[in-house]
Visitor: 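I'd like to ask you about the structure that follows.
Protein chains get the first letters and strands the later ones, always in sequence-line order, with residue 1 at the start of each.
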Amino acid sequence: MTRPLAIAMAEGVGAAIVPIDDPGSPTDFSPIWIDWPEVAGTIGRIERDDSPRWVWWPESTPRALVAVDVRPARSWDLGAVHRLLVGGWRNSPAAIWANCHGLDGASAPEPAGAPDLFSAAAEPVDEDDPIHASGHLSPEWLAGGWHVTPGRITRHAQLAAECFLRQQELVRAVGDAATVTATVYSESAAESLCAELEHDGLPIDLAVAEALIAGFIGPRPADAAHAHALAVERDERVLRHIPVDQRLDLRNPANVKAMLRRVGIEVSDTRAWRLEELRGDHPFVDDLLTWRKAERISTTFGYAWLDANVGGDGRLRGRWSGSDGAAGRMTATVGLHNMPADLRPAIVAEPGHVFVRADLGQIEPRILAAVSGDVALAAATQDSDMYAPVAARLGVDRDIAKVAVLGAMYGQTTGRGAEALRGLETNFPVAMAYLADAARSAEGGNDLRTRGGRLVRMGASSIDASDAEGRSRAAARGRYGRNAMVQGAAAEFFKTWAAVVRARLPPVDDRARIVLCLHDELVVHAPIEAGDAVARGLDDWLQEAAHRWLGAAAGPRVRFVADISVIARWSDAK
DNA sequence: TGCGGCTATTG
DNA sequence: CACAATAGCCGCAG
């Protein structure tokens, strides 16, 4: 049994550790205090000797540990568990505490702000007491960060220990305890990974990046005036097609629509995919689409983006979240998840290093086979291209089968795939019923839980079926819920894989690090000589992750596959 | 100044 | 533009 240790720390002050051995009264446990100079050494030694499960409040503690070069293997991230249990993205200590104590988050006390007419009569608060009279965590106490003391840090650790024991009980109450506990561990590991991704950053070659950007918008402007002049010049190349007295703002979609009408083109909106077919109708359209591309680079992925997010060490850094949003996928800022493919040649491994890139093949339909327990669909996953056997069963082309399967998971009701949907229902009735059940439940406003136990909240009443707008909202909820069960389980599986890779990389080469997670893709930065071993590892560790993830609940055998390559730059992958 | 609409990019 | 995300700019309400 891995020993749980609650930990809280503050840079420059020290760390408090509270052993959690007895579920009786954790706040009575004797805490261990470590002064700042000894923090890295002592915690590193405990990690090596005992490998405990560290229990912590989210975000600051894992980041503080990475900053002192401690990367614990096992954790129980109270924020990750809270998000799993109650859904949504909140992970503040106040919200975690409230849920652990059966309190309504809405009744939480507001922090006392600047004195005004109404707060003048408020009762004085004791800033040394963490518990408010309402039972919630005291906002004044939480806000007392300016006065960080060993006593206060120790109290944080004790409160974390208390929440851990409550969360353990809540986790046991959610579905299959082994599955949910396994998810808690991998979700917590993902939070550690997020802290590490923020710390390590993604290698980027600045010279290559600048050259690529220059290809779209020209060389770096000397000053603001020059930048403005270049922007006017770019605008002019599009507006030249419009009479001078009728030129409008290219950044205003309504104006663009009006100018399109001026050149004889009538559209309901001006999105690129719609204008693409009209490229040949008038040169204005072609120049407009080129302008849009350049404008996007200029505003979102231009020189300012490099200046703001690339460090002096040539690493691109953004904020990472282990489970934001609806179904619990990882998210990242500053374009780490939506960088245009055109800029990817700038993501280059450092000298003496390679990227080992692996992406899961057809992850969502494979996950659907697993979570639904559909034996026929699981049989199809034995093929490295599972759409081929599905197409054979349906008697349609592979592309039709693929669109139909994706359509079923997204809730599509029209188009090419809709006809093949009936074939899916007769050949894979278990999987289709699983999706239909999720959709029906969500339409009615009922919350769902993913296989790993994540609550997917609908936040809507079931009385919406009276009018057209209400039916439309209900249908949207149905599509959302149907997809969340698959996308969410896929996210949980991906994080299981990432957690295994994170745990297994150091023995192969402790300089090999995960530098990017992209929903179904992992990028590891490794010394050249470790590249092949890491590549073999990624596949082995995928099988290990599949074994763990599938093993936690009964179901047919499902095969997972990955495409793995050892490359110098991100864009080199197929 | 905050928010919804529109747009672009990715999985 | 099915499901999800981040992020920029614009117009408009307050």
Visitor: Rounded off to whole Å, could you give me the NE2-to-P distance for the His337(A) and dA7(C) pair?
Guide: 11 Å

Visitor: Name the first nucleotide and the last nucleotide along DNA chain B (5' to 3') that come under 4.0 Å of a heavy atom in chain A.
Guide: dC6(B) to dG11(B)

Visitor: Going by an N to O cut-off under 4.0 Å, is there a salt bridge joining Glu266(A) and Arg261(A)?
Guide: yes

Visitor: Figure out the CG/P separation between Leu435(A) and dC3(C), and round it to whole Å.
Guide: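 The answer, rounded to whole Å, is 14 Å.
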
Visitor: Would you mind classifying the nucleic acid contact of Arg292(A) as base, sugar-phosphate or nothing, using non-hydrogen atoms under 4.0 angstrom?
Guide: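 Sugar-phosphate contact only.
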
Visitor: To the nearest angstrom, how far is Arg329(A) atom CZ from dT6(C) atom P?
Guide: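 Taking atom P of dT6(C) as the reference, CZ of Arg329(A) is at 11 Å.
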
Visitor: By the 4.0 Å heavy-atom rule, please label Ala484(A) as base, sugar-phosphate, or nothing.
Guide: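 The answer is nothing, as Ala484(A) stays clear of every strand by at least 4.0 Å.
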
Visitor: Ignoring hydrogens and geometry beyond distance, is a side-chain donor-acceptor pair present between Glu492(A) and Trp497(A) at under 3.5 Å?
Guide: no

Visitor: Classify Ala327(A) by what it touches in the nucleic acid, base, sugar-phosphate, or nothing, heavy-atom distance under 4.0 Å.
Guide: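 Contact class for Ala327(A): none.
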
Visitor: Quick test of your reading of the model: are Arg317(A) and Glu198(A) salt-bridged, counting only N-O distances below 4.0 Å?
Guide: no

Visitor: Heavy atoms under 4.0 Å, any strand shown: does Met339(A) hit a base, just sugar-phosphate, or nothing?
Guide: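 If one applies the 4.0 Å heavy-atom cut-off, Met339(A) turns out to touch the sugar-phosphate alone, with no base involved.
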
Visitor: Return the polar atom pairs (N/O with N/O) between nucleotides 8-11 of chain C and the protein under 3.5 Å, or none.
Guide:
from    : atom 1 : to        : atom 2 : distance (Å)
dC10(C) : O3'    : Asn252(A) : ND2    : 3.4
dG11(C) : OP1    : Asn252(A) : ND2    : 2.9

Visitor: Before accepting this row, confirm whether a basic side-chain N of the pair Lys402(A)/Asp399(A) lies closer than 4.0 Å to the acidic partner's carboxylate O.
Guide: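 Judged by the 4.0 Å cut-off on N to carboxylate O distance, Lys402(A) and Asp399(A) do not form a salt bridge.
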
Visitor: I'd like to check the side-chain contact (heavy atoms from CB on, under 4.5 Å) partners of Val86(A); sequence neighbours left out, ordered by chain and number.
Guide: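 In terms of side-chain contact (heavy atoms from CB on, under 4.5 Å), with neighbours along the sequence ignored, Val86(A) is linked to His82(A), Asn99(A), Arg457(A).
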
Visitor: Will you find, in the side chains of Thr270(A) and Arg292(A), an N or O donor that is under 3.5 Å from an N or O acceptor?
Guide: yes

Visitor: I need the minimum non-hydrogen distance between Arg393(A) and Ala376(A), along with the two atoms involved.
Guide: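 Here Arg393(A) and Ala376(A) meet closest at NH1-CB, 3.7 Å.
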
Visitor: Looking at every strand, decide which applies to Arg344(A) at a 4.0 Å heavy-atom threshold: base, sugar-phosphate, or nothing.
Guide: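 Result for Arg344(A) = sugar-phosphate.
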
Visitor: Select base, sugar-phosphate, or nothing to describe what Asp324(A) touches, counting heavy atoms under 4.0 Å on all strands.
Guide: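 Counting heavy atoms under 4.0 Å across all strands, the contact made by Asp324(A) is with sugar-phosphate only.
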
Visitor: Rounded to whole angstroms, how far apart are CG on Leu518(A) and C1' on dT6(C)?
Guide: 13 Å

Visitor: What integer distance in Å separates Ile297(A):CD1 from dA7(C):P?
Guide: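 It works out to 16 Å between those atoms.
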
Visitor: Measure the distance from CE on Met458(A) to C1' on dC3(C) and round it to the nearest whole Å.
Guide: 12 Å

Visitor: Over all strands shown, is Thr413(A) touching base, sugar-phosphate only, or nothing at heavy-atom distances under 4.0 angstrom?
Guide: nothing

Visitor: Give one of base, sugar-phosphate or nothing for Val334(A), where a contact means two heavy atoms less than 4.0 Å apart.
Guide: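 Result for Val334(A) = sugar-phosphate.
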
Visitor: Could you state the atom-to-atom distance from CZ of Phe494(A) to P of dA5(C) in whole Å?
Guide: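 Rounded to the whole Å, the gap is 17 Å.
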
Visitor: Check every strand shown and say whether Ala254(A) touches a base, only sugar-phosphate, or nothing at a heavy-atom separation below 4.0 Å.
Guide: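 Counting heavy atoms under 4.0 Å across all strands, no contact is made by Ala254(A).
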
Visitor: State, to 0.1 Å, how close Pro365(A) and Leu377(A) come at their nearest heavy-atom pair, and which atoms those are.
Guide: O-CD2, 4.0 Å

Visitor: Please state how far atom CG in Leu448(A) lies from atom C1' in dC3(C), giving the value in whole angstrom units.
Guide: 14 Å

Visitor: Closest-nucleotide mapping onto DNA chain C: is Val403(A) or Ala326(A) further toward the 5' terminus? I mean the 5' end.
Guide: Val403(A)

Visitor: Between Glu277(A) and Arg274(A), is there a side-chain N and carboxylate O pair less than 4.0 Å apart?
Guide: no

Visitor: Looking at Arg234(A), Arg237(A), His282(A), His241(A), which one forms a side-chain hydrogen bond (donor to acceptor under 3.5 Å, both in side chains) with Asp287(A)?
Guide: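 When side-chain hydrogen bond (donor to acceptor under 3.5 Å, both in side chains) is applied between Asp287(A) and each of Arg234(A), Arg237(A), His282(A), His241(A), only His241(A) qualifies.
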
